[in-house]
J.: 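What follows is a structure written as structure tokens; I'll ask about it next.
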Amino acid sequence: MARHLITSAIPYINGIKHLGNLVGSQLPADLFARYQRARGNEVLFLCATDEHGTPAELAAAKAGKPVAEYCADMHAIQARIAEGFRLSFDHFGRSSSPQNHALTQHFAGRLADAGLIREVSEKQVYSIADGRFLPDRYIEGTCPNCGYDRARGDQCENCTKQLDPTDLIDPRSAVSGSTDLEVRETKHLYLRQSALKEDLEAWIDTKTDWPVLTTSIAKKWLHDGDGLQDRGITRDLDWGIPVRRGNEDWPGMEGKVFYVWFDAPIEYIACAGEWAEAGGLDASAWERWWRTDKGAGDVRYTQFMGKDNVPFHTLSFPATILGSGEPWKMVDHLKSFNYLNYDGGQFSTSQGRGVFMDQALDILPPDYWRWWLLSHAPENSDAEFTWENFQVSVNKDLADVLGNFVSRITKFCRSKFSESVPAGGAWGETENALVADISARIQRYESCLENMEVRKSAQELRGIWASGNEYLQTVAPWSTFRSDPETAAMQTRLGLNLARLFGVLSSPFIPDASATIVSAMRAHSPAWPGDLTDFLTAMEPGHSFEVPEVLFAKITDEQREEWQQRFGGTTAS
RNA sequence: GGCGUUAUAGCUCAGUUGGUUAGAGCGAACGACUCAUAAUCGUUAGGUCCCUGGUUCAAGUCCAGGUAACGCCA
């Protein structure tokens with residue numbers, strides 16, 4: 001039995017993510033996890049919320065809540081939505097967990113011991129009224145270049161000129177509007193990524209099976225300009241993981257926290273600790289997934305993420321792990337996704353443009369979204385969501401091809417025979433050919449899923465559903481029935497068994513509908529098909545079933561138009 | 001301004017290391033069926049593979065230049 005460690009990029013805490021975020025990491029990771037479990041493999045599937053940093057603090061302030069409370073609330077909301085989409089995390093953790101505090105401090109200590117941390121003194125803008133240092137983009141002022149009065153400390157978005165906060169005329173805090181600012185000297189820790197460049201490159205060179213997109217991004221960062229740059233791992237904030245060197249204080253670093261990019265990926269590991277704790281297990285339970293010296297040698301680790309996250313996962317996080325000198329499990333395969341656009345533009349939180357995860361679940365069941373998103377996943381290039389395409393795809397694939405198949409075969413059997421599998425007749429050439437055809441299709445389906453070819457696997461699955469309709473159309477039991485009821489019974493029996501097969505095979509994509517089909521067939525948690533002839537004769541004559549409710553109601557033109565309107569945003573096209 | 005990605009049928013997209021007549025689904029037209037969610041099944045029609053030039057016996061595929069869209073960075 002293979003062992004799969006699977007992680008999805010961890011979503012940031014401030015707000016609800018849109019469909020593009022969902023299809024870029026969590027959803028395909030869930031597909032893979034569900035498939036591997038269905039094949040009987042051992043899976044640990046982890047995700048969490050990324051909770052530290054300035055945006056979280058500001059969002060909390062805006063909501064009028066203490067940041068810890070805000071994060072706890074938002075974590076609960078994101079967890080509920082994830083459940084709504086049937087994301088089957090073994091644990092949905094939090095980067096603010098005690099486990100992550102301890103582990104992040106541990107890594108920092110190890111890196112310091114290895115001589116991979118250096119201290120840097122730098123000048124940053126301090127807001128006296130806010131009582132805090134301000135990151136560049138939270139300082140506003142007048143652009144010295146074009147006179148735009150709302151330029152940010154990192155860049156003027158009017159003339160795009162790159163700025164330093166000290167360049168701004170009449171700078172003020174974007175948090176409070178206060179102009180009572182001063183430049184203060186502050187000390188920070190930097191991870192000497194440059195010293196690990198050779199190790200990182202050697203490691204990446206071993207990953208010959210990674211997509212070109214992934215390795216080329218990594219190589220670019222390794223070689224661009226002066227090569228891989230050292231990176232600050234601390235910040236002057238209140239909310240975060242206090243800077244400590246392992247279990248000890250870090251002189252000079254009092255009151256500072258680790259920078260969110262440093263602690264967030266470590267949460268992948270810490271999350272396994274949270275999972276063990278939640279299940280009442282001891283440390284060995286999670287260490288056998290993460291420590292190659294404690295049983296993780298046979299683990300295959302796959303990460304899912306959007307393309308913007310690739311540098312962190314190919315360089316920064318591996319630098320942390322390699323630099324520690326400890327035997328942590330490193331990623332084996334890294335599946336990255338492009339972006340999903342919304343109706344000719346980008347999803348936009350500020351403009352309310354596009355569909356967000358909570359809204360999606362308000363209007364339709366999760367299977368609709370899962371099917372469309374996965375069958376149109378932005379694997380090779382950016383993809384496009386349009387309501388017309390969504391309506392047509394979902395109606396055709398789910399309602400007409402799959403839903404109607406289950407409906408027609410169960411209703412036919414009920415009207416001509418009864419609500420149990422009919423007896424009589426024997427397979428002929430057509431049936432044997434069908435089994436051979438579907439066997440080949442299943443093999444392709446499995447191989448696509450194994451290789452995480454998301455779109456292709458959806459196509460294969462759809463083809464399997466369609467073969468059921470082709471069969472019924474060819475043998476036409478409704479005609480056969482008049483002259484040869486025995487043969488019609490055999491054809492109907494096979495049709496019912498096909499419905500059960502589709503239920504089982506579809507579970508990674510559309511878990512709810514799959515469960516409905518399987519339970520309507522009164523097939524109790526059937527295993528993934530092995531020998532197809534056996535599988536398609538499993539429901540024997542006399543086995544009772546029920547005719548399920550309509551599996552997928554169609555999306556009407558009225559609904560589509562209403563949603564198009566509602567989610568078009570303030571600058572609707 | 002630099003870098004990167006993309007450009008294939010009306011739409012959404014496949015096209016492996018260059019190798020006959022460029023594929024799928026949807027949409028369209030026509031036909032079959034009438035068990036079923038006006039569903040299904042079959043057939044057909046649609047392409048100057050963005051443009052120009054080059055390499056080659058052979059280019060959607062490789063190279064150069066251009067155009068357009070998008071993204072990232074300084």
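By convention in this document, chain letters (A, B, ...) are assigned in the order of the sequence lines, proteins followed by strands, and residues within each chain are numbered from 1. The basis for the numbers below is simple: all heavy atoms, side chains too, and nothing from hydrogens, waters or symmetry mates.
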J.: On the six-membered ring of A:F545, is A:R522 placed so that its NZ or CZ lies under 6.0 angstrom from the centre and within 45° of the ring axis?
T.: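 A:R522 over A:F545 ring: no.
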J.: Do A:F417 and A:F481 have ring centres separated by under 6.0 Å?
T.: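 Yes - the distance between ring centres of A:F417 and A:F481 falls below the 6.0 Å cut-off.
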J.: Could you work out the separation of B:G42 and B:U5 based on their P atoms and round it to a whole Å?
T.: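 To the nearest whole Å, 40 Å.
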J.: What is the pairing partner of B:C49, taking Watson-Crick or G-U wobble pairs with both distances under 3.5 Å in any strand?
T.: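 The base-pairing partner of B:C49, which may sit in any strand shown, does not exist here.
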J.: Taking the side chain of A:Y339 as heavy atoms from C-beta outward, which of B:U40, B:G71, B:G25 is closest to it?
T.: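 Per side-chain heavy atoms of A:Y339, the pick is B:G71.
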J.: Enumerate all atom pairs, one protein N or O and one N or O from nucleotides 33-35 of chain B, separated by less than 3.5 Å.
T.:
unit_1: B:C33; atom_1: O2'; unit_2: A:W478; atom_2: NE1; d: 3.3
unit_1: B:C35; atom_1: O2'; unit_2: A:R408; atom_2: O; d: 3.3
unit_1: B:C35; atom_1: O2; unit_2: A:R408; atom_2: NE; d: 3.1
unit_1: B:C35; atom_1: N3; unit_2: A:R408; atom_2: NE; d: 3.4
unit_1: B:C35; atom_1: N3; unit_2: A:R408; atom_2: NH2; d: 2.6
unit_1: B:C35; atom_1: N4; unit_2: A:R408; atom_2: NH2; d: 3.2

J.: For A:N389 versus A:H376, what's the shortest heavy-atom pair and its separation?
T.: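 Shortest heavy-atom contact: OD1-NE2, 3.3 Å.
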J.: To the nearest Å, how far apart are A:W387 CH2 and B:U12 P?
T.: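 So the CH2-P distance, A:W387 to B:U12, works out to 17 Å.
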J.: Classify the nucleic acid contact of A:F552 as base, sugar-phosphate or nothing, counting any heavy atom under 4.0 Å across all strands shown.
T.: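 Result for A:F552 = base.
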J.: Which whole-number value in Å describes the distance from A:N338 CG to B:G4 C1'?
T.: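 So the CG-C1' distance, A:N338 to B:G4, works out to 12 Å.
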J.: Please report, rounded to the nearest Å, how far the C1' atom of B:U37 is from the CD1 atom of A:I555.
T.: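 Atom-to-atom, A:I555 to B:U37, this comes out as 14 Å.
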J.: Decide if the gap between the ring center of A:Y342 and the ring center of A:F385 is smaller than 6.0 angstrom.
T.: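 They qualify: ring centres under 6.0 Å apart.
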J.: Would B:G71 be called syn or anti here, given the cut-off of 90° from 0?
T.: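 Glycosidic conformation of B:G71: anti.
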J.: Do A:F356 and A:K17 touch side chain to side chain, with heavy atoms closer than 4.5 Å?
T.: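 With C-beta onward as the side chain, the pair stays apart.
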J.: Could you measure between the two C1' atoms, the one in B:A74 and the one in B:G4, and give it in whole Å?
T.: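 Approximately 14 Å lies between the C1' atom of B:A74 and that of B:G4.
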J.: Distance check needed: B:A36 P versus A:F481 CZ, whole Å only.
T.: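 Taking atom P of B:A36 as the reference, CZ of A:F481 is at 13 Å.
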J.: Mind checking the CZ-CD spacing from A:R560 to A:Q391? Nearest 0.5 Å is all I need.
T.: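 That separation rounds to 5.0 Å.
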J.: Rounded off to whole Å, could you give me the CD-to-C1' distance for the A:Q491 and B:A36 pair?
T.: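 Result: 16 Å.
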J.: Taking a pair as Watson-Crick or G-U wobble with both distances under 3.5 Å, which nucleotide is matched to B:A28?
T.: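 The answer is B:U44, by the H-bond criterion.
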J.: Looking only at atom C1', what distance separates B:G19 and B:G46, rounded to whole Å?
T.: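 Those two atoms are separated by 26 Å.
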J.: Take atom C1' in B:A68 and the same atom in B:C26, then report the distance between them in whole Å.
T.: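 27 Å, rounded to whole Å.
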J.: Would you classify A:A553 as touching base, sugar-phosphate or nothing, given that sugar-phosphate means primed atoms plus P, OP1 and OP2, and contacts are heavy atoms under 4.0 Å?
T.: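 A:A553: no heavy atom of the nucleic acid under 4.0 Å.
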J.: With both distances under 3.5 angstrom, what nucleotide forms a Watson-Crick or G-U wobble pair with B:C13?
T.: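 The answer is B:G23, by the H-bond criterion.
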J.: How far, in whole Å, is B:C50 from B:A14 if one measures between their P atoms?
T.: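 Between the two P atoms, the distance is 14 Å.
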J.: Start with the C-alpha distance between A:K456 and A:R444, add both sets of side-chain angles, then the distance that settles side chain to side chain contact (heavy atoms under 4.5 Å, CB included), and finish with yes or no.
T.: CA-CA 9 Å; A:K456 279 189 184 168; A:R444 291 202 299 271; over 6 Å; no
J.: Checking all strands, does A:V550 fall into the base, sugar-phosphate, or nothing category for heavy-atom contacts under 4.0 angstrom?
T.: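 If one applies the 4.0 Å heavy-atom cut-off, A:V550 turns out to touch a base.
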J.: Is A:D400 side chain donor-acceptor paired with the B:A39 base, going by distance under 3.5 Å alone?
T.: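 Under the 3.5 Å cut-off, the side chain and the base do not form any donor-acceptor pair.
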J.: Between B:C13 and B:G31, how far is it from one C1' atom to the other, in whole Å?
T.: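 28 Å, rounded to whole Å.
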J.: Rounded to whole angstroms, how far apart are CG on A:N341 and P on B:U6?
T.: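 For the pair A:N341 CG and B:U6 P, the rounded distance is 15 Å.
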J.: Do the ring centers of A:W387 and A:W372 come within less than 6.0 Å of each other?
T.: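 Between A:W387 and A:W372, the centre distance exceeds or equals 6.0 Å.
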J.: Both distances below 3.5 Å, Watson-Crick or wobble geometry, any strand: find the nucleotide opposite B:C62.
T.: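 Because both required distances fall under 3.5 Å, B:C62 counts as paired with B:G54.
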J.: Only counting residues at least two apart or in another chain, list the ones meeting side chain to side chain contact (heavy atoms under 4.5 Å, CB included) with A:Y190.
T.: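 A:Y190 satisfies side chain to side chain contact (heavy atoms under 4.5 Å, CB included) with A:R118, A:V120, A:E122, A:H188, A:D230 once adjacent residues are dropped.
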J.: In residues 446-459 of chain A, which residues come under 4.0 Å of RNA chain B by heavy atom?
T.: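 Result for residues 446-459 of chain A: A:R455, A:K456, sorted by number.
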J.: Distance check needed: B:A36 C1' versus A:K396 NZ, whole Å only.
T.: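 In whole Å, B:A36 C1' lies 13 Å from A:K396 NZ.
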J.: To the nearest angstrom, how far is A:E379 atom CD from B:U6 atom C1'?
T.: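 Taking atom C1' of B:U6 as the reference, CD of A:E379 is at 16 Å.
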J.: I want to confirm an ordering. Mapping A:L551 and A:S467 to their closest nucleotides on RNA chain B, which one lands closer to the 5' end?
T.: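 Going by which nucleotide is closer to the 5' end, it is A:L551.
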J.: Under 3.5 Å, is there a donor on one side chain and an acceptor on the other for A:Q491 and A:E431?
T.: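 Not at all, the side chains of A:Q491 and A:E431 share no donor-acceptor pair under 3.5 Å.
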J.: In whole Å, what separates the C1' atom of B:G60 from that of B:A9?
T.: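 Straight-line distance between the two C1' atoms is 14 Å.
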J.: In whole Å, measure the gap between the P atoms of B:G71 and B:G65 for me.
T.: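 Roughly 24 Å separates the two P atoms.
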J.: Does A:H313 have its ring centroid less than 6.0 Å away from the ring centroid of A:Y268?
T.: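 They qualify: ring centres under 6.0 Å apart.
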J.: Given A:W371, which of A:W465, A:F552, A:F85 fulfils the ring pair (Phe, Tyr, Trp, His ring centres under 6.0 Å) condition?
T.: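 Exactly one pass, corresponding to A:W465.
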J.: Considering every strand shown, what is the Watson-Crick or G-U wobble mate of B:A69 when both distances are under 3.5 Å?
T.: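 Paired with B:A69, as far as the under-3.5 Å criterion goes, is B:U5.
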